[in-house]
Amino acid sequence: MLMTILRRLGQTLFVLTGISVLVFGVFFATPGADPTARIAGRNASPQTMAQVRHEYGFDRPLPVQYATMMKKLFVTRDLTSYVDRGEKVVPEVFKAAPVTLSLVTGAAIIWVVVSITMGTLAAALRGSWVDRGLMMLGLIGISMPVFWVGQVANLLSQSRYHDTIVFRWVPALGYVPFTESPWGWFKALVLAWITLAILFIGLYSRVLRADLIAVSGEDFMRTARAKGLSPTRVLLRHGLRTSLVTFVSLFGMDFAQLVGGGALLTEVVFGLQGVGRLTYQALTNLDLPLIMATVMYSAVFVVIANALVDMVYIVLDPRVRDGRA
Amino acid sequence: MTGVEPILSVEGLSLAVPRGRTAMLPILENVSFSVGQGEILGIVGESGSGKSLTALTIMGLIDIPGARVTGSVRFRGRELVGLSQRAFRPLRGREIAMIFQDPMTAFTPVYTIGWQIDEQIRAHSRVSRAEARARTVRLLGDMGVPDPERAAGRYPHQLSGGLRQRAMIAMALSCNPSLLIADEPTTALDVTVQAQILELLRSLRRDYGSSVLLITHDMGVVAQTCDSTLVLYAGNLAERGPTEALFARPGHPYTAALLDSIPPLHGVRPSRLPSIGGAPPSPASRPPGCPFAPRCVHDHPACHDSRPPVVREGRQDVACVLPGEGRSLPLRLREAV
Amino acid sequence: MAETLLSARSLRKDYRLPRGQRLRAVDDVSLDVHAGEVLGVVGESGCGKSTLGRCLLRLTEASAGSLTFEGHDITGLSERALRPVRQRMQMVFQDSYASLNPRRRIGDLLAEPLRVHPDAHGRRRDMRAIEARLAELVDLVGLTPDALARYPHEFSGGQRQRINIARALALSPRLIVADEPVSALDVSIQAQIVNLFADLQARLGLTYVFIAHDLAVVRQISTRVAVMYLGAVVELGATDDVLHAPAHPYTSALIAAVPEPVVRADKLMPSLRGDVPSPVNPPPGCRFHTRCPVARPVCGQDAPTLRAVPDGRQVACHFPLAG
């Protein structure tokens with residue numbers, strides 16, 4: 001067990017190094033582009049240029065530049081964006097991370113609970129109108145673009161019906177930290193959660209239903225029925241429990257991807273200053289230090305989320321625990 | 001050996017599944033047999049003969065949408081055909097238990113063997129977790145699993161094929177069923193392990209008083225294990241009778257040909273194996289007469305009109321027109337050693 | 001003594017497993033395949049018989065040992081240099097469906113090797129030559145010519161195995177390694193295919209290595225038999241010697257465990273306890289001693305080597321039962 005975790009940790013470090021080298025290579029070591037000018041920003045004074053050049057070691061060999069960059073990112077955390085009036089970028093990322101994490105975790109809880117319920121119900125009542133109805137709903141969920149759903153939600157809750165009893169509680173767009181007011185945090189995010197979850201509910205319930213139906217043809221499901229267990233128990237304890245293995249691997253990838261900045265559209269629509277939005281701003285301004293920081297921190301989140309999923313996997317599937325030997 | 005009142009008595013059992021919008025495809029046709037108290041009945045047949053579906057039909061586990069079951073299955077005097085799933089559930093696992101061909105895929109991969117046996121015990125009797133586990137461990141030990149306590153804590157993939165099948169049998173016996181249906185229980189196992197499992201199945205009668213319905217494609221397994229034998233061909237009964245009589249003097253040309261086509265392990269090696277030409281028909285292409293007629297060396301016009309009646313021939317019941325015509329099969333080509 | 005067609009010396013195949021473990025699937029196997037014979041290879045699952053079969057044809061690369069085919073060392077030959085040799089040794093597999101591409105007609109499948117490989121004179125075959133050969137092949141394996149235009153799924157298991165055999169025969173090989181060629185088939189079909197193998201051997205003068213777990217089938221077709229246990233050959237000799245008067249306790253137990261389709265007063269009793277040990281950690285000494293009914297202390301320490309006994313067969317046992 002310990003070996004598995006250590007090996008996993010080693011892999012994580014290796015992946016992170018790879019990503020950092022790649023990103024560094026693309027933005028800083030590309031021939032013909034002068035990173036000094038980029039970092040210093042347009043119309044920078046010669047002093048600023050010289051300061052930047054010295055600070056980042058752009059007058060020294062590439063490996064040194066890379067090492068300097070990594071030190072500024074992870075050790076001293078004083079990477080500064082001159083485009084953004086000398087703002088330190090690492091704290092900016094750390095300010096955005098809880099927003100994204102709140103958004104994605106809340107949405108994830110909703111989509112997991114709802115899609116498991118929908119998928120299981122549909123599989124249990126396969127072929128009935130309930131099954132068909134639920135799957136139709138799922139398809140609609142998949143087909144609706146998230147920014148459109150978000151805009152409609154805002155239109156209804158912020159302006160058109162804001163004064164009705166239904167939406168009177170909805171606060172203005174923006175984020176309220178959990179530490180400040182848990183209830184305010186919840187109110188600020190709940191519509192965003194639902195918006196983000198809709199697509200995944202559609203996707204996951206359909207995948208789960210298909211999985212459950214595939215698994216229902218397995219020998220062990222027949223054994224479970226031959227044991228005289230109730231249909232509910234057969235479906236949940238044997239079918240669903242086995243299907244969860246696929247479900248979790250799917251979830252891990254999507255969750256990590258969203259935490260790493262993939263919830264950009266939802267963040268923009270609901271005025272949330274999250275990691276996705278920060279990355280987007282960095283890219284439009286070609287703010288190299290901020291790009292470096294957001295990409296690296298996203299990578300860290302993705303890799304950590306992946307490692308967590310692997311742990312859950314090990315708990316869920318004893319065959320994986322034994323190293324697939 | 002056979003008790004007075006059979007445990008299971010199957011009369012004219014048929015199974016048909018929908019094909020297209022209106023047509024029904026017959027899978028099993030008019031199969032009848034009975035299993036006595038403490039008896040081991042073997043059902044043999046090739047793939048597509050309907051032997052496994054016979055078992056699933058008895059267990060009420062056919063889940064093909066629109067499938068139609070007719071005939072009668074009486075278990076200890078109680079009619080099972082048409083029984084609701086809810087009424088069936090207390091019977092399954094408790095009164096009639098089943099073991100399957102591949103014990104690797106027949107256990108749920110994510111739970112330990114012990115958990116799965118406990119589950120069956122607790123589904124049918126009000127016992128505590130600890131009591132159930134104690135019974136599980138005792139059963140595993142009885143089935144010849146070494147170190148049963150530890151084995152109960154292991155996952156299916158961590159056990160060898162032989163141990164898995166022993167665990168499967170332990171699970172099936174956990175509620176003292178009066179009938180055990182074993183569907184190809186040794187097909188996935190090596191011969192040396194198969195011999196152990198067959199011996200275990202035979203001992204169940206002695207130690208648990210169970211009746212066994214053994215489904216297999218292997219005539220050798222039947223000969224070594226079963227008191228009586230039922231030969232199925234293309235969903236129809238071909239021959240039924242005491243194993244000894246049936247092997248010594250088959251009454252149906254199919255049984256005879258099947259036995260002849262098995263290469264012998266002892267005695268003279270035939271230069272060519274007597275083989276049966278062609279292949280068994282699919283359910284959609286069964287001829288209207290005797291389903292074996294197209295491959296039969298005794299094929300003649302009388303075989304083509306309708307399914308041959310089941311008649312008494314020696315100690316067996318045979319679905320063939322030959323005995324009715326006063327012609328019985330010649331002795332087997334190769335005599336038993 | 002007939003010509004030695006294929007000869008294996010100290011063949012070994014290791015598979016690496018996670019956590020530094022090693023599985024020795026084939027352990028120091030030496031055997032000769034004589035021209036015109038059928039060498040049966042029997043054993044339980046995990047004994048390495050299939051791996052051995054693949055190693056003999058170099059479809060799987062052995063970890064150590066040497067192979068000689070028709071007197072030439074083929075151990076180190078490159079894939080390219082091996083190609084002309086490959087035509088002369090072919091393989092037939094168990095799963096008749098998986099080994100046929102479902103989207104191609106039988107004619108295409110059979111013609112492929114003929115298009116790829118040159119004929120006996122080193123020339124490319126033209127369309128006419130290929131078509132003539134196809135007609136010959138379907139006739140050889142007992143199919144009708146209209147089979148060529150059909151797809152694999154249109155055939156029954158027995159017919160598909162005939163197609164596989166036809167494909168193996170396309171380039172007129174001398175040696176065919178058949179890996180469990182009849183074990184997926186129903187008994188009534190199995191006999192047809194066993195007969196077909198025998199007929200083809202008589203007609204074409206083929207040599208077979210016939211791998212199967214079914215002793216009766218192996219006995220029916222083989223002239224000599226090799227019995228394998230946990231990666232090693234434990235007994236090798238003429239079929240009648242080995243199967244009628246086994247010298248190795250394992251062979252004896254294996255034969256005793258076969259349920260025969262004959263009703264006797266004394267029912268079949270298990271000849272061995274327990275399962276085959278894992279090939280990852282084979283027992284020390286004689287690998288069979290943990291299950292052997294006649295094992296003595298020495299068996300747990302010294303591994304017996306395969307050696308000739310007076311009647312000419314080879315046995316790897318300190319205390320052979322016969323010979």
Side-chain angles (χ1 to χ4, degrees), chain B residues 45-49 144 146 159-163 186 188-200 202 217-225 242-248 254 257-266 269-280 282 295 336-337, chain C residues 42-47 142 155-159 182 184-196 198-199 202 213-222 239-240 243-244 250 253-265 267-278 291:
Chain B
E46 299 179 89
S47 48
S49 64
L159 297 178
S160 69
L163 288 185
T186 59
L189 305 175
D190 284 318
V191 277
T192 58
V193 181
Q194 166 173 279
Q196 300 166 25
I197 297 295
L198 293 181
E199 156 71 2
L200 180 62
R202 282 200 305 262
H217 69 281
D218 189 330
M219 291 300 254
V221 167
V222 174
Q224 300 301 329
T225 319
T243 305
E244 208 184 314
L246 185 138
F247 276 73
Y254 173 63
L258 197 60
L259 284 170
D260 284 333
S261 64
I262 302 168
L265 190 57
H266 296 285
R269 271 196 271 178
S271 57
R272 275 182 74 80
L273 284 173
S275 64
I276 312 175
S282 70
R295 302 174 75 193
V337 191
Chain C
V42 287
E44 295 178 279
S45 54
C47 73
F155 295 89
S156 66
Q159 288 172 316
V182 299
L185 303 175
D186 278 320
V187 187
S188 73
I189 312 295
Q190 187 169 299
Q192 297 172 10
I193 302 296
V194 171
N195 285 338
L196 176 65
D199 294 346
H213 69 278
D214 187 329
L215 282 178
V217 166
V218 167
R219 173 179 185 261
Q220 175 64 26
I221 193 153
S222 310
T239 304
D240 288 332
L243 296 183
H244 292 177
Y250 176 63
L254 202 57
I255 295 168
V258 175
E260 282 189 272
V262 176
V263 182
R264 291 205 199 86
K267 297 276 186 195
L268 174 85
M269 290 307 279
S271 51
L272 292 178
R273 297 258 137 243
D275 288 86
V276 182
S278 155
R291 298 172 83 202

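Per chain, numbering begins at 1; letters A, B, ... match sequence-line order.
In this structure, no portion of C/H213 lies under 4.5 Å from any heavy atom of chain B. Heavy atoms of C/V217 lying under 4.5 Å from chain B belong to its backbone as well as its side chain. Residue B/S282 does not touch chain C at all, counting heavy-atom pairs closer than 4.5 Å. Proximity to chain C is absent for every atom of B/L189, based on heavy atoms less than 4.5 angstrom apart. With a 4.5 Å cut-off on non-hydrogen atoms, C/D214 does not touch chain B at all.
A distance of 8.0 Å separates CG of B/D190 from CG of C/D275, quoted to the nearest 0.5 Å. The CG atom of B/L273 sits 9.0 Å away from the CD1 atom of C/I221 when rounded to the nearest 0.5 Å. Atom CZ in C/R264 sits 12.5 Å away from atom CD in B/E244 (nearest 0.5 Å).
The residue among C/S271, C/A257, C/G43 with the most heavy atom pairs within less than 4.5 Å of chain B is C/A257. Chosen from C/V263, C/N195, C/L268, the residue pairing most often with chain B at heavy-atom distances under 4.5 Å is C/N195. Per-residue heavy-atom pair counts under 4.5 Å with chain B were compared for C/Q190, C/E44, C/R219, and the maximum is reached by C/R219. Taking C/G46, C/G274, C/S278, C/A198 one by one and counting their heavy-atom pairs under 4.5 Å with chain B, the maximum is reached by C/G274. Note on C/T239, C/L243, C/V218: by heavy-atom pairs under 4.5 Å with chain B, the leading option is C/T239.
Closest non-hydrogen pair, B/S261 versus C/S188, comes out as OG-CA, 4.1 Å. The heavy-atom pair separating B/L265 from C/E260 by the smallest distance is CB-OE2, 3.8 Å. In terms of heavy-atom proximity, B/Q196 sits nearest to C/R273 at NE2-C, 3.4 Å.
Residues satisfying the side chain to side chain contact (heavy atoms under 4.5 Å, CB included) criterion with C/Q192, sequence neighbours excluded, are B/S275, B/R295, C/R162, C/I189.
A heavy-atom distance below 4.5 Å is found between the side chains of B/P264 and C/Q220. Considering only heavy atoms from C-beta on, C/P270 stays 4.5 Å or farther from B/T192 through its side chain. Residues C/D240 and B/R269 are in side-chain contact: their nearest non-hydrogen atoms beyond the backbone lie under 4.5 Å apart.
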